[in-house]
Amino acid sequence: MKFGVVVFPGSNCDADCYHVVKEVMNQQVEYIWHKENTVDGFDALILPGGFSYGDYLRTGSIARFSPIMPSVIDFADRGGLVIGICNGFQILLEAGLLPGAMLRNSSLKFICKSVYLKINRADTPFTNRLKVDHVIRIPIAHGEGNYFCDENTLQSLKDNGQILFSYCGADGEESPEFNPNGSLANIAGISNLKGNILGMMPHPERCSEEILGGRDGFYIFDSMINWLKEVGK
Amino acid sequence: MKEMSYKEMGLLEQEYEQIIEILGRQPNYLELGIFAVMWSEHCGYKNSRPLLRNFPTEGPQVIQGPGENAGVVDIGDGQALVFKIESHNHPSAIEPYQGAATGVGGIVRDIFTMGARPIASLNSLRFGNLDDERVKQLFSGVVAGIGDYGNCLGIPTVGGEVYFNPAYQGNPLVNAMCVGLVNKEEIAYATASETGSPLMLVGARTGRDGIHGATFASEELSETSQEKRPSVQVGDPFMEKLLIEACLELIKEDLVAGMQDLGAAGLTSSIAEAASKKGRGVIVDVSWVPRRETGMIPYEIMLSESQERMLIVPREGQEGRISEIFDKWGLDATVIGEVTDDGMFKVFEGDVLVGAVPIEALTEGCPVYVREGIEPPYYREYRDFNIDDLPECDAGEALSKLLASPNIASKKWVYTQYDHQVMTNSSIVPGDADAAVLRVKGHQKGVALATDCNGRMVYLDPYQGGMMAVCEGARNLACVGARPLALTNCLNFGSPENPHIYWQMQEAIKGMSKAAKVLGTPVVSGNVSLYNETADGAIFPTPVVGMVGILKDIDQRCQMAFQDEGDLIVLLGRPREELGGSEYLFVCHGIEKGAVPELDLAEEHNLIELLVSIIEAGLVKSCHDISDGGLAATLAESSIKGSTGFNVDLDFKGIRRDKILFSEAPSRAVISLDEKDLAAVKNASVQQGIEISLLGRVGGTSMIINDQGIELVNLAVQDAAKTWGEAIECHMK
Amino acid sequence: MLKANIYVTLKNGVLDPQGEAVKKSLKVLDYGQVEEVRIGKFIEVWLEGDDRESALKELEEMSDKLLANPVIEDYRVEIVEVN
Amino acid sequence: MLKANIYVTLKNGVLDPQGEAVKKSLKVLDYGQVEEVRIGKFIEVWLEGDDRESALKELEEMSDKLLANPVIEDYRVEIVEVN
Ligand SMILES: Nc1ncnc2c1ncn2[C@@H]1O[C@H](COP(=O)(O)OP(=O)(O)O)[C@@H](O)[C@H]1O
Ligand SMILES: [Mg+2]
């Protein structure tokens, strides 16, 4: 099983994702430079966090024109697993692979801290090792993670079960008090309708080893691997 | 552009004469500018160089001491740490966001210039009173600037300190530290150039940014500082990120003979550095320098401090491969000159020679002033201040007040704006212990980092205060279980031309040197920032210490939070009663006086040995040193962090209780441990000759401090946590 | 040479946290008469050539593709100078 | 009610990393004729009252104090609507 980590100029969680896949998950992994134009041979793609193109203009807005993106889109259209983490999520939004857009955090400040997420579905390629209504603890680190979409889109996200993760309290309470950035409906991560693309603001790669204070993120990567083993192939 | 006189450029009359003598003629405007920036305090260290010679700089662990872009220490397994701290005080006073951001950019360049991958940033900040609107603006601008720049680079900002005191009202301090990791054989040096080597400039195009920034940094802040505003530099962290990746690729492929960042004094100083090997000279053609603005004259090009630029001296025949790598990263590299063998710094504009000065005159030739310090009158007066005349405040109320003081309160408002986890090495994050701890992937060891300086203590007694800064840094590392290795420092002082200030410098450096010697932590890099004063006076002398250390086994790392109900709480070190210079006197009595607590370096050394040994042995569940706020604040912080109360009974022996509770005397730490380990810890303490006292136990929901059964303090942990946790946020709303 | 101004504004109904914050600060600074603040982008583009019409078309294309995000933003292009 | 547009632009000579990045990106997208891009802010303010003159004065004050950073930015205020 081979993962690809797409590297844009300004990506800075690329090495972190690579490390987790290789050293923690014991899977094959390679970097994919943004100027490449094929993703042949990969089973899953990671669009890592960071500040592609300095986050200039809008987060992800310039990266989405990178030469690699048509292949990423094609790979996704064919049902390939694509996970966008933080800046990767923002790029997926700009590229139209996921609906909606990101606004600045309501506090107008960059926020780096651990938050709690409620798992809304456990039958997806990204959450099958987790349990519905379970709460996981995971770090966020972003200045623009305030998810926005229009009412119809929000309704369809809800109706179709595309909101995989929502911000919540330690006991799963989903009130505005536990919304770190102003996201609509406490949205922390969404998938596309087909379920093979996930965008999430929190960083699972930062909590996949005990030495970093927690392992909840491990299960997201493990879900992907499990899915590829069981279903994907 | 209006031409400046030599005086406006910061040169003294005698220095101007000296230049004429060196050249054998009047300098032209460009040459004058070159001398002025190279002979500024910022580049030439003309007032501080003689004092800096006191620092111990050698040790078996030292690979590179002061003199290169950053210091380097050996951490075993063929690896080394590269680190340095630097000030960006004046630019931040003018434009806090950009000033702080470019400060981070500058220090990060110093680290990857040495071939190291930057792995962590820290910062040490000082502002005036947090009730002041302008101070709030400065504080929030600086924090946002540091955050945005470092976050974009993907370098975790893992630690630092912030203090607020009226002494910094008009002159904030912004010191940024960066730490890099390198394989020993890949360390790169600045001065490896051979005659005929081309000089390549890469990165941002040159604009009129920050001309005379180095001079400006070597002056007091005044009304006219505001007028120098056009010199504000804007940072481009994205460009810097590309430079990091590209330059580290060059090093991996061994393509460069020398590499030098462009910092203060821009092209002028980096070129002079790159060619400063004995006898070397350099020619540079300004018409080859890619520019952002039109109509720039050679003077502006040579002195511009545009950010995010690097100077590369390629290995012979490697220009092509170097250009390929830069191209991959979307960067342009341009040859702008070459190394010669005539010892001259020659600037051309096309065919026309527009300036020529001997290189040695710029570097070694920089004038040095050995001044005489005079003990200021305040020193004895404050030292002899009698604290016994003050009334004693209610212990519980005093503790609550201290926890709400921005100097002691949680700094989470600051560090949540910094990405402190990127790179997935942060094993102890800000706020959880006295030092940050990073893992080194693939190894069992860990790296510990901290910055420290209590400016008030240094002000009251520069010698003692200087020792205290070094000791606190080392102790903070020991509290997480790390053995201190070496230090970097940033000397923030007022004007050295004032003999009282010069005395502060002299004494502080003496104290720091002595402590560094005894603790075996040599000084491997640093930075000097003088003239930190306004019409209202100078700042507290603030020699910030950045300390790095190594944990043998990262799995034994120790944090400050109390762990389990019933654990014993133990004080290591003597019960102390000196209140001089304490935050308690400041917060509860409005007084910043008193004799600074005595410090015994041998005792400190033994405490550090003790802490490291018992933590390595896995005997300690929590550890937190005693510093700001004294014993009471230390207990409270461990309690808040652990979300559990404690009950201690102190033996006050009839001594004023505020003295025992709030003394900031050094060489002490509070640990908690499982009862079964007490004997072993006692044993170890006896061996190190460190006094040990059992204070009480962890548990409950309140912080309870008794004097032989009489309750002095009873605070609900929840309430105290709120006070402590939200104090800064409340100010900033 | 042509110069264009492009105004990128948040769509009606899209929350503007920055505008809200500025409004609040202005109120604190005693500008009570401020009713609302919205913060958008003002992008200046200098172009070679002097065909206004084709420039306008291209600028709108750039805005659609890159300069504005149609999910949250509107834009308006204006050509201001022709030398 | 009055409406004002405030244009906040970087001073001449001040580096605009954002504009640079956008320009490069536009070139990559084959808009070769783009010579330069500068990105500023477009701030819309709605105010109570209808005295254009005093509003203008106040808006300039607000810009000086809060909306623009006088160290690196210029601004221009324009009153566009009076109802
Ligand atoms: N400027 C800063 N940048 C990053 N972290 C900071 C900063 N200031 C404080 N911190 C973090 O907040 C915590 C508490 O700071 P402080 O009270 O100054 O600690 P100490 O008393 O041990 O020196 C530490 O973990 C420190 O690293
Ligand atoms: Mg400490």
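First the proteins, then the strands, lettered A, B, ... as listed; each starts at 1.
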N/O donor to acceptor pairs below 3.5 angstrom from side-chain atoms of residues 142-153 of chain B, sequence neighbours left out:
unit_1: B/D148; atom_1: OD2; unit_2: B/Y97; atom_2: OH; d: 2.6
unit_1: B/Y149; atom_1: OH; unit_2: B/E240; atom_2: OE1; d: 3.2
unit_1: B/Y149; atom_1: OH; unit_2: B/E308; atom_2: OE2; d: 2.6
unit_1: B/N151; atom_1: OD1; unit_2: B/D419; atom_2: N; d: 2.8
unit_1: B/N151; atom_1: ND2; unit_2: B/G147; atom_2: O; d: 3.0
unit_1: B/N151; atom_1: ND2; unit_2: B/Q417; atom_2: O; d: 3.2

Check your understanding: Roughly how far, to the nearest 0.5 Å, is CG of B/D236 from CG of B/L243?
Key -> 9.0 Å

Check your understanding: Between atom CG of B/L201 and atom OG1 of B/T206, what is the distance when rounded to the nearest 0.5 Å?
Key -> 5.5 Å

Point to revise | Contact class of D/L15 relative to chain B, heavy atoms under 4.5 angstrom | key: both

Exercise for review: Let me know if D/E20 has heavy atoms under 4.5 Å from chain B in its side chain, its backbone, both or neither.
Suggested key: side chain

Determine whether a donor-acceptor pair (N or O, by modelled atom type, separation under 3.5 Å) exists between the side chain of [X] and the backbone of [Y].
X	Y	result
B/S92	B/L173	no
B/R134	B/D132	no
B/T102	B/G235	no
B/S304	B/S306	yes
B/E305	B/A265	yes

Exercise for review: Inspect the contact between B/E249 and B/K328 and indicate whether a charged nitrogen and a carboxylate oxygen are less than 4.0 angstrom apart.
Suggested key: yes

Practice item. Identify which of B/R205, B/Q307, B/Q98, B/Q137 forms the greatest number of heavy-atom pairs closer than 4.5 Å to chain D. Key: B/R205

Point to revise | chain D contacts, top residue of B/E293, B/M239, B/R292 (heavy-atom pairs, under 4.5 Å) | key: B/R292

Check your understanding: What salt bridge (Lys or Arg N to Asp or Glu O under 4.0 Å) pairs are there with at least one residue in residues 135-145 of chain B, not counting sequence neighbours?
Key -> B/E133-B/K136

Point to revise | Within residues 61-69 of chain D, residues adjacent to chain B where the heavy-atom gap is under 4.5 Å | key: D/N69

Revision key, fill the gap. Among residues 22-43 of chain D, residues within the sub-4.5 Å heavy-atom range of chain B, in order of number, are D/K23, D/K24

Check your understanding: Just wondering, are more than 12 heavy atoms of other shown residues or ligands nearer than 6.0 Å to CG in B/D131?
Key -> yes

